[in-house]
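Each remark here refers to the structure printed beneath this line.
Since the model is a prediction, treat every value here as computed from it, not as a measurement. A note on names: the letters A, B, ... follow the listed sequences, proteins ahead of strands, and every chain is numbered from 1.
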Amino acid sequence: MQYWLFKTEPDEYSLQDLANAPQQTDMWDGIRNYQARNFLRDKVAEGDRVLMYHSQCKNVGVVGIAEVVRAAYADPAQFNQESKYYDGKATLESPRWFCVDIRFVSQFNQVVSLKSIKAHPELQQMVLVKQGRLSVQPVTAQEWQLIEHLGR
DNA sequence: GCCAACGTTGGC
DNA sequence: GCCAACGTTGGC
């Protein structure tokens with residue numbers, strides 16, 4: 001079992017949206033970055049746990065936890081010409097982009113802000129701190145435990 | 001809305 | 001395969 005951090009813009013899709021979804025489960029799609037895609041396709045597994053991170057908003061940081069309930073499959077949006085995630089170079093035989101399904105687990109009592117993460121000596125090695133722009137990234141068990149503790 | 005950091009594209 | 005130009009992410 002591995003730990004991850006997924007970023008989302010709450011104006012587009014928030015943790016609350018996931019909590020409100022049927023069975024509190026939804027497709028995590030629209031990932032269009034190769035490094036993030038490779039993690040999704042090759043590493044993210046059913047049962048893995050995910051820190052849900054809100055970017056581009058007032059209170060930037062980790063807001064809660066989700067769980068992976070289905071491992072990678074072809075992101076249907078890449079085949080949909082109506083979608084902003086359409087990719088004409090993707091084919092059914094060789095899809096280019098992947099998505100997973102996640103289920104809501106919990107919402108933190110308080111947001112673990114990016115500021116507090118950056119201020120914490122034990123969290124300096126987080127991908128979030130070192131490489132700002134990756135939307136799917138691995139988290140260590142130590143980082144996970146500390147952030148979960150800070151959010152409670 | 002600005003802008004730094006980083007990713008992608010495309011000419012050569 | 002290099003690298004300049006351009007596009008996107010994301011904090012502030």
Side-chain angles (χ1 to χ4, degrees), chain A residues 2-21 26-44 48-68 71-102 104-140 142-152:
Chain A
Q2 297 210 71
Y3 297 108
W4 303 96
L5 181 146
F6 288 2
K7 281 184 193 171
T8 183
E9 298 178 26
D11 288 345
E12 293 239 336
Y13 194 97
S14 69
L15 182 62
Q16 197 55 51
D17 291 330
L18 181 63
N20 293 339
D26 217 337
M27 187 190 300
W28 198 253
D29 63 353
I31 300 297
R32 293 294 181 271
N33 166 285
Y34 286 104
Q35 210 181 341
R37 189 279 309 266
N38 292 346
F39 280 131
L40 269 190
R41 185 189 58 189
D42 305 332
K43 304 285 188 196
V44 175
D48 284 359
R49 296 251 152 169
V50 183
L51 292 174
M52 300 299 288
Y53 178 92
H54 280 178
S55 66
Q56 315 252 54
C57 59
K58 281 237 170 93
N59 203 355
V60 167
V62 179
V63 294
I65 293 169
E67 175 187 12
V68 178
Y73 57 101
D75 181 345
Q78 70 194 306
F79 309 121
N80 176 8
Q81 292 194 38
E82 311 284 300
S83 170
K84 67 170 177 172
Y85 297 120
Y86 176 70
D87 185 339
K89 289 177 182 164
T91 64
L92 284 167
E93 293 73 32
S94 93
R96 183 182 285 206
W97 306 111
F98 292 81
C99 60
V100 298
D101 289 351
I102 58 173
F104 176 83
V105 173
S106 66
Q107 183 151 27
F108 287 164
N109 289 322
Q110 54 182 358
V111 176
V112 180
S113 68
L114 179 62
K115 198 177 168 188
S116 65
I117 289 170
K118 284 182 169 170
H120 214 293
E122 291 176 66
L123 297 175
Q124 294 310 297
Q125 295 308 309
M126 280 191 77
V127 181
L128 184 70
V129 175
K130 297 175 74 175
Q131 184 184 348
R133 295 184 52 185
L134 190 57
S135 59
V136 172
Q137 51 179 267
V139 171
T140 69
Q142 290 77 14
E143 290 161 356
W144 176 281
Q145 280 162 21
L146 182 49
I147 287 177
E148 197 180 20
H149 175 74
L150 294 171
R152 261 199 303 263

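- Protein atom CD1 of I31(A) is 15 Å distant from nucleotide atom C1' of dG7(B), rounded to whole Å.
- Other residues, nucleotides and ligands contribute more than 12 heavy atoms inside 6.0 Å of the CD atom of Q124(A).
- Within the 4.0 angstrom heavy-atom criterion, no nucleotide atom of any strand lies near E9(A).
- When the P atom of dT8(B) is taken as reference, atom CG of L134(A) falls 11 Å away, rounded to whole Å.
- Listed pair Y53(A) / dG11(C) meets the phosphate criterion, a side-chain N or O lying under 4.0 Å from OP1 or OP2.
- A donor atom on one side chain and an acceptor atom on the other are not found under 3.5 Å apart for Y34(A) and R41(A).
- The shortest distance between the side-chain N/O atoms of Q131(A) and the OP1/OP2 oxygens of dG7(B) is below 4.0 Å.
- Salt bridge status for E143(A) with K130(A): absent, with no side-chain N to carboxylate O gap under 4.0 Å.
- Looking at the side chain of R133(A), the nearest of the listed nucleotides dG7(B), dT8(C), dG11(C) is dT8(C).
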Decide salt bridge (charged side-chain N to carboxylate O under 4.0 Å, His left out) for D75(A) and R32(A); before the verdict, give the C-alpha distance in whole Å, the side-chain angles of both, and the deciding distance to 0.1 Å.
CA-CA 10 Å; D75(A) 181 345; R32(A) 293 294 181 271; 3.0 Å; yes
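- Nearest-nucleotide positions on DNA chain B for N33(A) and K89(A) put N33(A) closer to the 5' end.
- For K7(A), the side-chain atoms get nearest to dG10(C) when compared with the rest of dG10(C), dG7(B), dG11(C).
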